[in-house]
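A quick write-up on the structure given underneath.
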Number of protein chains: 2
Amino acid sequence: MSLDFQLPPRERLLQAAVELLANSDGAAVSTRKITELAGVTAPTLYHHFGDKEGLFDAVVAVGFEQYFAREIGRANTEKPLDDVRRMWDQHVRFGIEQPHLYLVMFGNVRPGSRSNRVAEAEALLREKLDRAAEAGHLNVAPPDAVRSILAANIGVTLMLIAEPAAERNFELSDMTRDAVITAVSSDAGIADSATPVETSSVVVAAIALNAALESSNPQQLSSTEMKMFLEWLHRISKTS
Amino acid sequence: MSLDFQLPPRERLLQAAVELLANSDGAAVSTRKITELAGVTAPTLYHHFGDKEGLFDAVVAVGFEQYFAREIGRANTEKPLDDVRRMWDQHVRFGIEQPHLYLVMFGNVRPGSRSNRVAEAEALLREKLDRAAEAGHLNVAPPDAVRSILAANIGVTLMLIAEPAAERNFELSDMTRDAVITAVSSDAGIADSATPVETSSVVVAAIALNAALESSNPQQLSSTEMKMFLEWLHRISKTS
DNA sequence: CCCTTCATATAGCAATGCTATAGGTGATAC
DNA sequence: GTATCACCTATAGCATTGCTATATGAAGGG
């Protein structure tokens, strides 16, 4: 019921904490369970880490490095905003794959005191966005862009974690990601003059859809389906 | 050192919890402190609320109502997306003014289980976005829009709460708000340059029709026809 | 061999959420 | 009036939590 006794107690404590955090389904992980699994008594934990939070910080540092370290020394693309997109995706993936670690890092918000993990994540993003600003791709000051993107990134990840794994909709991530990145980007492909569709009733909407379908002939429906679909549309727009 | 003894114990407990949550600077609030301040012993708390979480839920329900209730019965603007903007701002304001209550509501993420407060907030937003979809102002399906907006909204609020009050940058909120709302909106036309305009207007019309059908429940189609019809609509409105 | 220093253990404290059990209090039935 | 019964509250205490005062062991330098 305990770990590799070849390792020094400090490492065993870290390993035990990781394992318990990964397996306890969101329930709190006690120092006693950790020390027990590590085959060690309480004072050793506090000797090495000072705190329970100190231990978790050490655990989190490992996980953080594990997912983001490669990003630190990485050669930069010529498109910094693509780097930002990749970091966003890595962030979300980390949250999904290690929800407990993620919640230790970003889930414990306390008023008026930023966690240093948030600061680290900010720094990583900041680097990319400074580069983007230099290249003239930014619409707003880098610090503002960083906060907006990171806030949305964390919000999306928390929401995905909270959702039952079965019904997780990952488009949420892509959509929100592109939304905030586009908003801070100056080379935004804002193809404007999309005429607002004035539809306030079923009938008007049906007519609009009918017209749109006939003109663009999309691939989502087979021809027979399309035929029936248009017939129903006709029926809807006739009556009422 | 205790509250109005005219009130029944249940109310005193609620009042004490509110007061302690508001004054303790992010530190945990214990049941003992609450019962002590309420001039009541432990079993009364558990008799009335079952749980510590039950008590907090009741407290939160009050705060929730306090800030969002007016929104529920409110007359709707002719511009639903403006309603969404107003709700976003109210959400952030609530988080800033009552950070402890807010954190009880939205700060305790646990893997795989959505809090019912999130569900309530979703429902409120959903209402507005359904209206927006009916009016043809939406670019994506309402449920997706709701999640994206709410996730960003919570993320921004959490980040603002975590920042030292002195250096809070509220432009973060406006910026991110407009980013996500614009992204789901068809009016502002962030059309991806890759997708042809005709297709996107089909999508908008399909979403609008879908929303209109679901809200008005017309008689022109049988229930089986309606089911298939909606399924096709869903397929069309998926921007592959 | 003694002394210092680091690392671990024994034992226990105060605070936490919660509960088994009993007492009290009011309304209703007779 | 009195008995009954449901509801509300109190006494006392349990198990678990994070953490620590103190002591013991081992390793190395003088």
(message) Closest-nucleotide mapping onto DNA chain D: is A:K33 or B:P9 further toward the 5' terminus? I mean the 5' end.
(response) B:P9

(request) Anything under 30° is parallel, anything over 60° is perpendicular, the rest tilted; go ahead and classify B:Y102 against B:H91. (result) perpendicular

In this structure, how many angstroms lie between the [atom2] atom of [N] and the [atom1] atom of [X], rounded?
X	N	atom1	atom2	value
B:L20	C:dA15	CG	C1'	16 Å
A:I34	D:dG18	CD1	P	8 Å
A:E36	C:dT8	CD	C1'	17 Å
B:R32	D:dA10	CZ	C1'	14 Å
B:L13	C:dC18	CG	C1'	15 Å

(message) Using a strict heavy-atom distance below 4.0 Å, which residues from residues 43-57 of chain B are in contact with DNA chain C?
(response) B:P43, B:Y46, B:D51, B:K52

(message) For B:E120, is there an ion pair with B:R117 - N to carboxylate O distance below 4.0 angstrom?
(response) yes

(request) Indicate yes or no: does A:R86 engage A:D89 in a salt bridge with an N to O separation below 4.0 Å. (result) no

(request) Evaluate the side-chain proximity of B:D82 to B:R85: yes if any heavy-atom separation is below 4.5 Å, no if none is. (result)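 They are in side-chain contact.
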
(request) Map B:V29 and A:V40 onto DNA chain C by nearest heavy atom, then report which one ends up closer to the 5' terminus. (result) A:V40

(message) Applying a 4.0 Å non-hydrogen cut-off, can you work out what B:A42 is touching in the nucleic acid: base, sugar-phosphate, or nothing?
(response) base

(request) Ignoring backbone atoms, test whether B:T41 places a side-chain nitrogen or oxygen under 4.0 Å from the OP1 or OP2 oxygen of D:dT9. (result)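 Negative; the distance criterion is not met.
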
(message) Pair A:I161, A:F106 - check side chain to side chain contact (heavy atoms under 4.5 Å, CB included), show working.
(response) CA-CA 12 Å; A:I161 288 177; A:F106 296 105; over 6 Å; no

(message) So does A:D144 get a backbone contact from the side chain of A:S148, meaning a donor-acceptor N/O pair under 3.5 Å?
(response) no

